Amino acid sequence: VDKSFNSHINGDFGGASVDIGSKNYTGDRLLEVSVGSSMNTNAIQQSGDFRLQSGPNFWGYSNYSAPEDAQGSYHFANSWDPIKKAVTPINFGIKVGDSFRVGEEGRLSLFVSAKYANSFISRNGVNANFSAQGAPLKSLTQERQSYGTNSTGLINANYQINSKHRIGYNFLYINSSNQTRDAFHGFIRDAGSDAENNRGFINRNTFDNTQLFINQVLGKHTVTEAVQVDWGLAYNKVDGNMPDRMQTMYSQQASGDFRFIRINAADNHRYTYYLKEDELAANLSASYKFGSTNPAVLRVGYSGRIKQRTFDVMQLNFAIKNGLHETTSIDPTNIDEYLGASGFGTFYDLVGMAGNAFQFYNGDQDIHAGFATLDYVFSDKLTAVLGMRYERIKQFVDYNSIEYRPGSNTLNKNGILPSLNLKYVLNAKNNLRLGASKTYTLPQFKERVRFPYEDVTQVVVGNPYLYASDNYNLDLKWEMFPSEGELFSVAAFGKYIQNPINEIMISSASNDISFANTGDKGYVYGLELEAKKYLINNSQNKISLGFNTAIMKTDQKFDAAKVSAETQGLLNIDPTHPRSNFTGASDFIVNADLSYQKDFNTDKNVIATVLYSYYSDKLNAIGTGGLGNRVDKGIGSLDFVLKTKWNKALGIDFSANNILNPEFQRWQQNTAPVKVLSYKRGAFISLGVNYKF
């Protein structure tokens, strides 16, 4: 984790950069298998009535695809009605590793791992939307049941040609899926008198699936004692699909009968999207060591990323024929009877452009960069790393939506990004560090397309005029190492941000949310304290205490005229307050851990750790037009992890997460604050066994 920017890092840098590398396998032949289970306390309580969408299988895959001609007839394979699922949480995995000598100097190392895990989660709470005066637009209770899976496969091959040349290959596959049933019940202002009397119902059944493929070839070559060359090539692919989201709306009359709501054709619908992204990446760098009295390393290089994305959406609305929704009583547990094949053409019509993605956006992003760094040792005490990075950025998007005019736009940016990192050794145990740099924050594709995503109580739409913000970063840190494995540090940090990007509610009847460069500038400053201390440290027993906290202040001033001018009147904002904190930033964050390790012998040990984390209130969305800001209330989490090794082969692990089970709350801070979202996730209890052969 790099908290200070260096020129070899991508310039789209906010608070930190995380570099994930796979270790080259070493040691004896390895075969390890593991099996376990992780239970959610909320889900276990509902195990007798856990219901999900039909179609997706146990492994998190679905063969379902949207019909090519759904308007001509009914061609949906999945039932409208959720089916009962057995709550069977399980995870298992395997690891295999070995190395082989090749020739006199060469060695080939191979490591393969595969793992599968699923999870059943349930939560209940509030989900609402209010006007500036506190009047409810939708005031609902939400019951959510979800089933998630995660399958991973990793192949790592490393060929050590000789002591000077090495080539490696990494392959990573991840399949992540989530199957969710959301049942809403309560007040819906625009859905008729029954729904306005807290008898409105909205049901959504959703399945989404994301597959990630990473292919990397890496090389490291020592040309001479002074010259080293590193290179890497990668092809990465993402497939993210939501093959069939279903929504139904109905209300309960005073008599107890249920009837469909049909205010808009889209009240009852089926929705599909397909996201595909391909990326090519390349890195090449060469370093040259020189100097004897004051040694230095000069490193120059190139990095490039070329990304293409397509996002296609099809929504088919089940438009109930005029009057039938007012006269037909329905059974909410048998929606297929009304919106299935038998009702096609008689009870409802399908409205949409079946067989065509009538909403889409495409995105192309090219980033080419050249960089240079100089590591220079001025003396035994002072070391400097001076860097410069130039990035040529081009991001193009085009889009078509039935709600907005089609369009396209291009974001071009030349990033000149200097950096300076200094280290001054006070003595054997104390250092001072200084970091200064310029970076930027680049908008995502979805933030720059005039394209809506409609949740039940919230609509998010992009802004085609959004552009990158520039960040000026400064860090000063003192660190002390009292003994091996111990650390005390205090860091002061600050950021000055030009044209900050914010998520903000725009002036609209439905409280739509968009993204905008909401002002000329903003700033962040604060302190970070970090400590790790051994309370006991001997050959058999270790007790360590870890602590990290950040205290910071963020501030920005809004400029509604700037937003209107830069978006040519497309977005109008009327911030309720002239300035605010940054969205997503807490004033206070703390993480702490207490760990005990007992070593019985080289093959048997126990490690027990208690972890606590907390963040204070943070801004979720900026209020406009008299609406209060939406604020996520501070929340803490307590976890316990126990890892045991009983002998050379057998290990047993146990963990309990979110033990305190606090309530997540989001409030809209009107004159009289109103709660717009709340839920409890429940605790997660996990037990696993691993065995090495």
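The figures here come from the full heavy-atom set of this structure, side chains too, leaving out hydrogens, waters and symmetry mates. Nothing here was measured: the structure is a model prediction, and the numbers come from that model.
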With sequence neighbours excluded, what pairs up with Y472 under the side chain to side chain donor-acceptor pair (under 3.5 Å) test? none
Partner of S303 under side chain to side chain donor-acceptor pair (under 3.5 Å), chosen from H368, H8, R389: R389
Taking side chain to side chain donor-acceptor pair (under 3.5 Å) as the definition, give me every residue that meets it alongside N421, ordered by chain and number, with sequence neighbours left out. N6
Mind running side-chain contact (heavy atoms from CB on, under 4.5 Å) on F582 and V524 for me, showing each step along the way? CA-CA 9 Å; F582 285 151; V524 182; 3.4 Å; yes
For N215, all residues meeting side chain to side chain donor-acceptor pair (under 3.5 Å), sequence neighbours excluded: Y169
For L154, side chain to side chain contact (heavy atoms under 4.5 Å, CB included) partners two or more places apart: F111, S113, L172
Could you check whether N431 and E479, counting side-chain N and O atoms only, form a donor-acceptor pair closer than 3.5 Å? yes
Atom of F547, atom of A592 and distance for their closest heavy-atom approach: CD1-CB, 4.2 Å
Would you give the length of the straight line joining atom OG of S514 to atom CD1 of I506, rounded to the nearest 0.5 angstrom? 5.5 Å
Side-chain touch N499/Y467, heavy atoms, less than 4.5 angstrom: yes
Is there a salt bridge (charged side-chain N to carboxylate O under 4.0 Å, His left out) between K532 and D593 once you walk through the steps? CA-CA 9 Å; K532 182 177 181 182; D593 63 87; over 6 Å; no
Checking L434 now: which residues fulfil side chain to side chain contact (heavy atoms under 4.5 Å, CB included) with it, not counting sequence neighbours? L422, L474, L476
Are E279 and I306 packed together at the side-chain level, in the sense that at least one heavy-atom pair is separated by less than 4.5 angstrom? no
Within the side chain of S678, is there an N or O that forms a donor-acceptor pair under 3.5 Å with the backbone of Q665? no
Closest non-hydrogen contact found for E391 with A369 is CG-CB, 3.6 Å
Should the pair D366-K394 be classified as a salt bridge under the 4.0 Å nitrogen-to-oxygen rule? no
After noting the C-alpha distance and the side-chain angles of N548 and E528, does the key distance pass the side-chain hydrogen bond (donor to acceptor under 3.5 Å, both in side chains) rule? CA-CA 7 Å; N548 175 274; E528 182 179 15; 3.0 Å; yes
Taking the six-membered ring for Trp and the single ring otherwise, decide whether the centroids of F311 and F451 are under 6.0 Å apart. yes
Evaluate the side-chain contact (heavy atoms from CB on, under 4.5 Å) criterion for residues Y440 and I393: first the C-alpha distance (whole Å), next the side-chain angles of each, then the deciding distance (0.1 Å), finally the verdict. CA-CA 11 Å; Y440 65 87; I393 305 155; 3.5 Å; yes
Test salt bridge (Lys or Arg N to Asp or Glu O under 4.0 Å) applied to E566 - qualifying residues, sequence neighbours left out: K562
Just by modelled atom types, is the L627 backbone N or O under 3.5 Å from a matching donor or acceptor in the T576 side chain? yes
Verify whether one side chain among N629 and Q668 offers a donor that lies under 3.5 Å from an acceptor in the other. no
Within 45° of the six-membered ring axis of Y615 and under 6.0 Å from that ring's centre, is NZ or CZ of K618 located there? yes
Output yes when a side-chain donor or acceptor of N178 lies under 3.5 Å from a complementary backbone atom of D208, and no otherwise. no
Listed by chain and number, what are the ring-ring contact (aromatic ring centres under 6.0 Å, His included) partners of F378, not counting sequence neighbours? Y376
With a 4.5 Å heavy-atom cut-off, do S401 and Q359 have their side chains touching? yes
S419: which residues meet the side chain to side chain contact (heavy atoms under 4.5 Å, CB included) condition with it, sequence neighbours left out? F5, S7, S437
Tell me yes or no: between the side chains of K138 and N129, is some donor less than 3.5 Å from an acceptor? no
Here the salt bridge (charged side-chain N to carboxylate O under 4.0 Å, His left out) pairs for residues 576-588, sequence neighbours left out, are D555-R579
Less than 4.5 Å apart, side chain to side chain, heavy atoms only: is that true for V229 and L284? yes
By salt bridge (Lys or Arg N to Asp or Glu O under 4.0 Å), K553 pairs with (sequence neighbours left out) none
Kindly give the heavy-atom pair with the smallest separation between S139 and A128, and that separation in Å. CA-CB, 3.9 Å
Shortest non-hydrogen contact between L280 and Y235, atoms and distance: CD2-CD1, 3.7 Å
Side chains of N670 and Q133: do they bring a donor and an acceptor to under 3.5 Å? no
Hey, do the aromatic rings of Y523 and Y496 have their centres closer than 6.0 Å? no
For F207 and S177, what are the C-alpha separation, side-chain angles and deciding distance, and is it a side-chain contact (heavy atoms from CB on, under 4.5 Å)? CA-CA 7 Å; F207 171 72; S177 75; 3.8 Å; yes
Mind running side-chain hydrogen bond (donor to acceptor under 3.5 Å, both in side chains) on N471 and K495 for me, showing each step along the way? CA-CA 6 Å; N471 312 318; K495 294 181 183 294; over 6 Å; no
What verdict does the side-chain contact (heavy atoms from CB on, under 4.5 Å) test give for N412 and R392, after you've listed the backbone C-alpha separation in whole Å, the side-chain angles of each residue and the deciding distance to 0.1 Å? CA-CA 8 Å; N412 289 299; R392 180 71 181 97; 3.5 Å; yes
Short side-chain donor-acceptor distance under 3.5 Å, R305 and Q365: no
What I'd like to find out is whether the side chain of T549 reaches to under 4.5 Å of the side chain of I589, using heavy atoms alone. no
Min side-chain heavy-atom separation N414-Y390 under 4.5 Å: yes
Go through the side-chain N and O atoms of T518 and N502 and say whether any donor and acceptor fall under 3.5 Å apart. yes
For R309 and Y361, what are the C-alpha separation, side-chain angles and deciding distance, and is it a side-chain hydrogen bond (donor to acceptor under 3.5 Å, both in side chains)? CA-CA 8 Å; R309 176 185 291 182; Y361 76 78; 3.2 Å; yes
List in chain and number order the residues that pass side chain to side chain contact (heavy atoms under 4.5 Å, CB included) with N620, two or more places apart in sequence or in another chain; answer none if no residue qualifies. R630, D632, R666
Between Y465 and N517, is the side-chain hydrogen bond (donor to acceptor under 3.5 Å, both in side chains) condition met? List the steps. CA-CA 9 Å; Y465 297 97; N517 302 93; over 6 Å; no
Determine whether I9 and F371 make a side-chain contact, defined as any pair of heavy atoms from C-beta on separated by less than 4.5 Å. no
Please identify each residue that fulfils side chain to side chain donor-acceptor pair (under 3.5 Å) with N658, with sequence neighbours left out. none
Is R245 close enough and on-axis enough to Y271, meaning under 6.0 Å and within 45°, for cation-pi? yes
With R123 as the cation and Y679 as the aromatic partner, state whether NZ or CZ is under 6.0 Å from the six-membered ring centre and within 45° of the axis. yes
pair P578-F558: side-chain heavy atoms closer than 4.5 Å: no
Without hydrogens or angle criteria, can the side chains of S176 and N209 be said to hold a donor-acceptor pair below 3.5 Å? no
